[in-house]
J.: 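Starting off with a structure, shown below.
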There are 2 protein chains.
Amino acid sequence: MPNHKPSAAATPDLLEPTVAPAKRQRGGPKGLRITDVAALAGVAPITVSRVFNSPETVAPETLKRVRQVVQQLGYVPNRLAGGLSSSRSRLIAAIVPTIAHSLFSETIQVFSETMTRAGYQVLLALSGYSDSSEEALLDAVLSRRPEGVLLTGVAHTESLRERLHNVGLPIVETWDMTETPIDMLVGFSHYQIGVAVAEHFLQRNVRAPGLVSANDERALARRAGFRERLAQADIHEIAEVLVSPPSSVAVGKAALPTLLEQAPHLDAVFCGSDLLAIGVLGAARRLGLEVPSRLSICGFGDLEFATETTPQLTTVRVDGTRIGLTAARCLLDRLAGNDRIKVTDVGFHIVERETT
Amino acid sequence: MPNHKPSAAATPDLLEPTVAPAKRQRGGPKGLRITDVAALAGVAPITVSRVFNSPETVAPETLKRVRQVVQQLGYVPNRLAGGLSSSRSRLIAAIVPTIAHSLFSETIQVFSETMTRAGYQVLLALSGYSDSSEEALLDAVLSRRPEGVLLTGVAHTESLRERLHNVGLPIVETWDMTETPIDMLVGFSHYQIGVAVAEHFLQRNVRAPGLVSANDERALARRAGFRERLAQADIHEIAEVLVSPPSSVAVGKAALPTLLEQAPHLDAVFCGSDLLAIGVLGAARRLGLEVPSRLSICGFGDLEFATETTPQLTTVRVDGTRIGLTAARCLLDRLAGNDRIKVTDVGFHIVERETT
DNA sequence: CTGAAAGCGCTTACAG
DNA sequence: CTGAAAGCGCTTACAG
């Protein structure tokens, strides 16, 4: 049967489809699209787009009409499409070891609030404490095309640092300090904390200190500062228990007997977290060791309530809220095209509650 | 100058552009695309897509070659594009009042881990405790086209419930109980907790109980159960302090004197959180009120360490980890097309530490 | 202040 | 097992 193409009769039939090709069907009926709003409001889709993204460029009358239709239909723009088209995902990734035991949850809370207020959303990526799957995690994160990344701790592996550097995104590393940040940095020196706790113990005439700590990079930095400062005071024997996360009261409790085996005259313990410190405190009580007169215990991380419930403990307080806020501001400044101080040291305080 | 269109000479010149229209330029050079990988591997883009999304349908040889190129180039697929095209965002939204004070952070931790393992990512949305901006928050969340939503607490406003129902997404409400869930529910009854704490106090022969609590919906449900059970025992006068979040040790401390003004013979306090309870405990100590013999104090929320540091307190323990895990499973089952038990009551326990 | 056309980087739905 | 074409729902880059 011959082909009856009405126009362009000179065109060879064989190169032309017999009829307009049937439109491919993609899935069932989708949700509302910008064209639905546009049609009902009697404007072009681009105008609806402007109502959301640059309302100041739209005539007040048009704005009102479109918004009315949006409201009426309950239209919510599709940001997958918007992000793809504009290369602005409005997404910020936060990579955190864990939010369960609350060391970092305040930081993320404030960070998230601040980013939300600025029109971004936070993609939460929990890395755990193992580096093993970090490459996969980073792939997952980058596949969303975030406009910025908050890291907790400095990136460890060289390969990771390189990839993060290469993507060219604004990046804030937090909760740590390094000579060679990938980009921006808001944190403090774990090494210096170790030094400070050592000095605190030395002031109390400690002779046989011990350490209970995880073996992640930050904990090891505190340990190094602690050991080196003590070495300067000619204390070289340090009882040690390295524990794996998550740290808990129970782990702290179990650690004290082991420390006492290593150092029967143990008179101070530096713990990697307040939870561990509370555990050590409990074990000390049970053994009749008075705290802090017979045994000094120092924690890390500032559990708010601890001030009230365990005045015998000393702890190292870090302002997680300030870290989150500062990190958010760094990122936002950078996203706004401004420069930013690259490194902020928020420091720390040793909080001593009861001197005897 | 005349137009020299080589073919289709019969077509009216005026309807044809003089030359092929100049391609519009969209921004600078972008990152790697699937076509870059495809070209280098000598396959079509769709094959690269299959390597990521259904590797089992690709010949081993091809698979290997493409993966090698992916590795070599450091290609990371763009999920904004992928999600738009496939209508599968692989995103799950978690809407939580706050993660800072750790009541919910364990739930989110486990939920996030579980969803990540299943190939999803979690978009974290902090709602604060005010309902005011919840509509805007929901818009922001839905604009990412998540495939499921975890809510903390049951949705409050009717408008919100309706919208959530209408989007037709799998939804889990958590940390509460209701007769009319939007979809699935993993939680417990705050009202029943109030009843149980009242009974706990009654067993201790409490005569003049008080309450320190926030005034959010869940806190008010606990209050209702508490009051109603006490009313059955003919106790109608209940000293009350309603506080606004965030609750803290300091707020708890400040509350006790106010309660004592209302009820000089106060002999029990039910607090809306463990932090408040610790504050009340501190204030009681200062006033010389012995706990629990003279004053019973019950908290809520289970701060792990509290068992160790404040054995005088009673608390209501909820398994946040189980909630997170169960919620994740509910969502995943639904996403896999299976049915799921709609309502799971994980219950609660009253943990009494020191009986005298 | 508004709009028509093209393109963002993928995947679907076919076809072979 | 592999691929060409079309389409996902927006925004960019022009043009008026």
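In what follows, chains carry the letters A, B, and so on, assigned in the order in which the sequence lines appear, proteins first and then strands, with residues in each chain numbered from 1.
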J.: Take the protein atom CG of A/N78 and the nucleotide atom C1' of D/dT11, then report the distance between them rounded to whole Å.
T.: 13 Å
J.: Look at A/T47 and C/dG3 and indicate whether a side-chain polar atom (N or O) is within less than 4.0 Å of OP1 or OP2.
T.: yes
J.: Give a yes or no on whether a donor-acceptor pair under 3.5 Å exists between the nucleobase atoms of D/dG3, that is its base, and the side chain of B/R50.
T.: yes
J.: According to a 3.5 Å limit on both distances, what stems of 3 or more consecutive Watson-Crick or G-U pairs are formed with DNA chain C?
T.: C:1-3 with D:14-16, C:5-12 with D:5-12, C:14-16 with D:1-3
J.: Quick one: side chains of residues 55-67 of chain B, donor-acceptor pairs under 3.5 Å with protein atoms, not counting sequence neighbours, listed by atom name and distance.
T.:
unit_1: B/T57; atom_1: OG1; unit_2: B/S54; atom_2: O; d: 2.8
unit_1: B/T57; atom_1: OG1; unit_2: B/S54; atom_2: OG; d: 3.4
unit_1: B/R65; atom_1: NH1; unit_2: B/A41; atom_2: O; d: 2.5

J.: Measure from CG on A/L32 to P on D/dG9 and round the result to the nearest Å.
T.: 10 Å
J.: Please check the phosphate of C/dG9 (OP1 and OP2 only) for any side-chain N or O of B/T35 closer than 4.0 Å.
T.: no
J.: Can you check whether A/V110's main-chain N or O pairs, donor with acceptor, with A/T114's side chain at less than 3.5 Å?
T.: yes
J.: Quick check on C/dC10: is either OP1 or OP2 less than 4.0 Å from any side-chain nitrogen or oxygen of B/Y75?
T.: yes
J.: Measuring to OP1 and OP2 of D/dT11, would you say a side-chain N or O of A/N53 lies under 4.0 angstrom away?
T.: yes
J.: For B/F52, which contact category applies under a 4.0 Å heavy-atom criterion: base, sugar-phosphate, or nothing?
T.: nothing
J.: Looking only at side-chain N and O atoms, does B/T116 offer a donor or acceptor that is under 3.5 Å from a partner on B/Q121?
T.: no
J.: Does A/S85 make a side-chain donor-acceptor contact with the base of C/dG7, cut-off 3.5 Å?
T.: yes
J.: Any sub-3.5 Å donor-acceptor pair from A/S85's side-chain atoms to A/G82's backbone N or O?
T.: no
J.: Round to a whole Å and report the spacing from CZ of B/R33 to P of C/dT11.
T.: 15 Å
J.: With the side chain of B/I46 defined as its heavy atoms from C-beta on, choose the nearest nucleotide among D/dG3, D/dT2, C/dG9.
T.: D/dG3
J.: Would you kindly compare A/A81 and A/P60 by the position of their nearest DNA chain C nucleotide and give the one closer to the 5′ end?
T.: A/P60
J.: If you measure from the Lys or Arg side-chain nitrogens to the Asp or Glu carboxylate oxygens, is any gap between A/D139 and A/R163 under 4.0 Å?
T.: yes
J.: Verify the ring-centre separation between B/F111 and B/Y120: is it less than 6.0 angstrom?
T.: no
J.: Rounded to whole Å, how long is the line connecting atom NZ of A/K64 with atom P of C/dT2?
T.: 15 Å
J.: Taking atom C1' of C/dG9 as reference, at what distance in whole Å does atom CD1 of B/I34 sit?
T.: 8 Å
J.: With no hydrogens and no angle check, is any side-chain donor or acceptor of A/N166 less than 3.5 Å from a backbone partner on A/E162?
T.: yes
J.: Which whole-number value in Å describes the distance from A/L80 CG to C/dG7 P?
T.: 22 Å
J.: Quick check: on DNA chain D, is the nucleotide nearest B/R65 upstream (toward 5') of the one nearest A/P45, or the reverse? Name the residue that is more 5'.
T.: B/R65
J.: How many whole angstroms separate atom CZ of B/R90 from atom C1' of C/dC10?
T.: 15 Å
J.: Looking at A/S86, I'd like to know whether one of its side-chain N or O atoms comes within less than 4.0 Å of OP1 or OP2 on D/dC10.
T.: no
J.: Is the backbone N or O of A/L151 less than 3.5 Å from a side-chain atom of A/E173, with the two atoms forming a donor-acceptor pair by type?
T.: no
J.: Separation of B/L84 atom CG from C/dG9 atom P, in whole Å?
T.: 12 Å
J.: Counting the atoms with a prime plus P, OP1 and OP2 as sugar-phosphate, which does B/A44 contact under 4.0 Å by heavy atoms, base, sugar-phosphate, or nothing?
T.: sugar-phosphate
